[in-house]
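Naming convention: chains lettered A, B, ... in sequence-line order (proteins, then strands); numbering from 1 in each chain.
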Protein chains: 2
Amino acid sequence: MARSKADFTSLQEFQESGDRVYLSHLSVDCVIFGFHENSLKVLLLKWKNGPWCLPGGFVKHKESIDQSAIRTLKERTGLAEIFLKQFYAFGDPDREKGKRHEGTWIGKRFVTIGYYALVDYSQVFPEPDLLSSECKWWDVDNVPELIYDHNQIMSKALEALRLSLNDHPVGYNLLPEKFTMPQLQKLYETILNEALDRRNFQKQMISLDVLIRLKERKTGGAHKAPFLYRFDKRKYDKAMKQGLRLSF
Amino acid sequence: MARSKADFTSLQEFQESGDRVYLSHLSVDCVIFGFHENSLKVLLLKWKNGPWCLPGGFVKHKESIDQSAIRTLKERTGLAEIFLKQFYAFGDPDREKGKRHEGTWIGKRFVTIGYYALVDYSQVFPEPDLLSSECKWWDVDNVPELIYDHNQIMSKALEALRLSLNDHPVGYNLLPEKFTMPQLQKLYETILNEALDRRNFQKQMISLDVLIRLKERKTGGAHKAPFLYRFDKRKYDKAMKQGLRLSF
DNA sequence: TATTATTGTGTATATCGTACACAATAAATC
DNA sequence: GATTTATTGTGTACGATATACACAATAATA
């Protein structure tokens with residue numbers, strides 16, 4: 001996990017007294033999804049002279065675990081108010097294979113709570129933290145080998161996102177405000193990793209009753225200009241809360 | 001959360017040096033579901049001279065969180081090899097409203113990982129631990145007020161169980177080996193809290209292709225004797241792994 | 001002006017979910 | 001032993017939903 005150093009002035013201080021600020025043995029890791037050029041991306045961090053990892057952080061003594069994920073996200077993407085969902089806790093004692101920082105605060109055993117976030121790619125300006133040399137987007141089906149069990153965490157996040165499509169709409173957080181039906185379809189196809197019928201997809205989406213079709217069309221591309229849509233936020237939020245399949 | 005004292009000889013020793021054996025700030029809580037006399041039950045623990053709570057435990061230094069839930073379950077029910085599923089982590093800093101043991105190890109802030117378990121009611125012999133005076137089954141829609149946020153944890157467990165019915169079979173862990181279709185239906189109705197059509201229910205269950213109808217019928221009750229069924233374990237396990245609705 | 005690739009729309013069919021009715025029967029009652 | 005009662009076993013008709021598929025319209029390009 002990557003860590004926030006805002007509360008310390010040096011790595012050494014952090015390693016010597018992490019307990020002062022954070023709960024020991026506990027971290028959060030964030031799988032941040034974005035959508036760009038018809039593919040699903042995750043935001044990864046690279047340690048200086050080290051491997052890639054998920055952006056993560058630690059939990060302050062008087063902070064909720066949700067809050068600590070929100071803080072991590074804010075620090076890495078600059079965004080507040082983004083969609084965030086806790087999906088699983090990872091707690092094998094040997095999950096940190098090839099551990100570094102042996103004998104230090106960060107070298108202890110950690111149980112980590114996994115969150116995934118959905119963000120508007122175009123609004124994000126990735127920032128590495130003080131211990132990282134890079135922070136950038138990777139294609140979900142082309143991520144490098146990550147430290148510890150972070151590849152597994154990412155897979156589980158993607159699986160959770162896929163499952164959520166069964167009962168919840170997606171897109172509000174991943175697409176720009178105005179978007180076309182083909183864009184929305186590509187998003188679904190990318191997350192599900194399968195092709196969908198264009199006409200049936202449109203019917204389904206419209207039946208969800210969360211879209212508003214605008215008068216405008218998207219111009220500039222070749223071929224027939226597609227209509228632009230936006231989400232009806234109120235209906236979208238309602239669908240997120242209630243779920244879409246109330247069926248048994 | 002209730003705690004295991006097996007690793008200590010006194011409460012005082014435990015309070016003074018819990019860190020020696022367990023990860024600090026971290027616990028697991030188990031919502032143990034059983035099914036008896038046509039209603040869904042949860043196993044609760046009562047502190048000596050205190051309120052009721054979910055059975056829980058702490059995580060040893062070299063133990064996975066799953067293992068620590070398994071251990072807790074074994075201690076409380078006597079059962080090993082039971083169905084167990086992690087469903088959510090609860091980490092608000094003030095979740096332990098009305099905290100006791102202020103200033104002691106157990107009085108610290110805890111983030112807890114919630115698990116739910118499905119067990120065969122008739123196989124369980126509830127055992128209180130050394131700090132509890134009682135351990136008994138309660139009807140899910142009639143549980144008393146529990147400590148901390150344990151009522152919320154229980155609700156979330158029930159919700160998770162309900163959602164799981166959408167894509168996974170249930171019953172193998174909650175029913176005796178041989179059972180009737182009406183029994184299975186009651187189980188579903190209890191979990192979903194709604195009445196289901198008898199004929200359609202049977203068709204659905206049979207279409208899941210995890211049941212084997214036996215030649216025997218259940219005798220003894222009044223009225224027409226229903227057939228007995230059992231699960232085809234191989235198919236059941238496959239359905240548990242793959243899920244039942246692969247549809248998008 | 002013609003071409004090209006893409007979008008907008010509708011229909012026929014199969015599948016699934018839902019509503020519903022009647023015959024069979026094990027125990028209980030008389 | 002015949003009758004009553006509540007429950008189980010089974011099948012069918014209907015409507016809703018999912019799926020497969022075809023053709024006209026059009027924005028940019030050639």
Side-chain angles (χ1 to χ4, degrees), chain A residues 37-38 162 165-169 171 175-176 178-190 192 194-230 239 243-248, chain B residues 37-38 162-163 165-169 171 175-176 178-190 192-230 239 243-248:
Chain A
E37 285 177 348
N38 288 343
R162 257 174 210 158
L165 293 197
N166 284 322
D167 14 41
H168 299 283
L175 295 172
K178 299 172 181 180
F179 52 89
T180 66
M181 193 58 76
Q183 270 181 289
L184 185 60
Q185 183 175 343
K186 284 287 180 195
L187 173 59
Y188 272 81
E189 288 179 333
T190 309
L192 294 168
E194 68 180 301
L196 302 171
D197 181 273
R198 189 169 60 87
R199 295 151 287 189
N200 295 333
F201 178 79
Q202 166 143 339
K203 266 181 287 186
Q204 265 190 71
M205 285 302 120
I206 290 188
S207 77
L208 296 186
D209 192 33
V210 296
L211 290 177
I212 295 170
R213 186 165 93 173
L214 307 176
K215 305 261 152 135
E216 323 167 51
R217 287 160 179 267
K218 171 147 192 159
T219 57
H223 319 306
K224 181 167 183 175
F227 280 108
L228 284 167
Y229 291 82
R230 66 179 177 79
L244 294 167
R245 284 191 191 180
L246 303 175
S247 69
F248 147 46
Chain B
E37 285 177 348
N38 286 343
R162 260 175 206 156
L163 283 176
L165 294 197
N166 283 322
D167 14 41
H168 298 282
L175 296 172
K178 298 174 183 180
F179 52 90
T180 66
M181 193 59 75
Q183 271 181 290
L184 185 60
Q185 182 175 344
K186 285 286 181 196
L187 174 58
Y188 272 80
E189 289 179 331
T190 308
L192 293 169
N193 199 31
E194 68 181 301
L196 301 172
D197 182 273
R198 188 171 60 88
R199 295 151 287 190
N200 295 334
F201 178 80
Q202 166 143 340
K203 266 182 285 186
Q204 267 189 67
M205 284 303 119
I206 290 193
S207 77
L208 297 186
D209 192 32
V210 296
L211 291 177
I212 296 170
R213 186 166 92 172
L214 307 177
K215 305 263 150 121
E216 323 166 50
R217 287 161 180 265
K218 171 146 191 160
T219 56
H223 319 305
K224 183 167 181 176
F227 281 108
L228 285 167
Y229 291 81
R230 64 178 177 83
L244 293 168
R245 285 191 190 179
L246 303 176
S247 70
F248 149 47

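If you measure from atom CZ of B:Phe201 to atom P of C:dC16, you get 19 Å, rounded to the nearest angstrom. The interatomic distance linking B:Leu208 (CG) with C:dC16 (P) rounds to 13 Å, in whole Å.
Between the side chain of B:Arg217 and the backbone N or O of B:Ala225 there is at least one donor-acceptor pair closer than 3.5 Å. Within the 3.5 Å criterion, the main-chain N or O of B:Thr180 finds a donor-acceptor partner in the side chain of B:Gln183. Put simply, the side chain of B:Glu189 gets close to the backbone of B:Leu196: a donor and an acceptor are under 3.5 Å apart.
Minimum interatomic distance between A:His168 and A:Leu244 (heavy atoms only, all atoms of both residues): C-CD1, 3.6 Å.
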Polar atom pairs between nucleotides 27-30 of chain C and protein, under 3.5 Å, N or O only, would you list them?
{"from": "C:dA27", "atom 1": "OP1", "to": "B:Gly220", "atom 2": "N", "distance (Å)": "3.4"}

Output a table of nitrogen or oxygen pairs between the protein and nucleotides 7-11 of chain C separated by less than 3.5 Å.
{"from": "C:dT7", "atom 1": "O2", "to": "A:Lys224", "atom 2": "NZ", "distance (Å)": "3.3"}
{"from": "C:dG8", "atom 1": "OP1", "to": "A:Phe227", "atom 2": "N", "distance (Å)": "2.8"}
{"from": "C:dG8", "atom 1": "O4'", "to": "A:Lys224", "atom 2": "NZ", "distance (Å)": "3.4"}
{"from": "C:dG8", "atom 1": "N7", "to": "A:Arg198", "atom 2": "NH1", "distance (Å)": "2.9"}
{"from": "C:dG8", "atom 1": "O6", "to": "A:Arg198", "atom 2": "NH2", "distance (Å)": "2.9"}
{"from": "C:dT9", "atom 1": "OP2", "to": "A:Arg213", "atom 2": "NH1", "distance (Å)": "3.1"}
{"from": "C:dT11", "atom 1": "O4", "to": "A:Lys203", "atom 2": "NZ", "distance (Å)": "2.9"}

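Residues B:Leu211 and B:Leu184 have side chains in contact (heavy-atom distance under 4.5 Å, counting atoms from C-beta outward). Put simply, the side chain of B:Phe227 does not reach to within 4.5 Å of the side chain of B:Glu216, judged on heavy atoms. Considering only heavy atoms from C-beta on, B:Leu228 stays 4.5 Å or farther from B:Arg213 through its side chain.
Ring geometry for A:Phe179 against A:Tyr229 counts as parallel: the plane angle stays under 30°, on a 0 to 90° scale with 60° as the upper cut.
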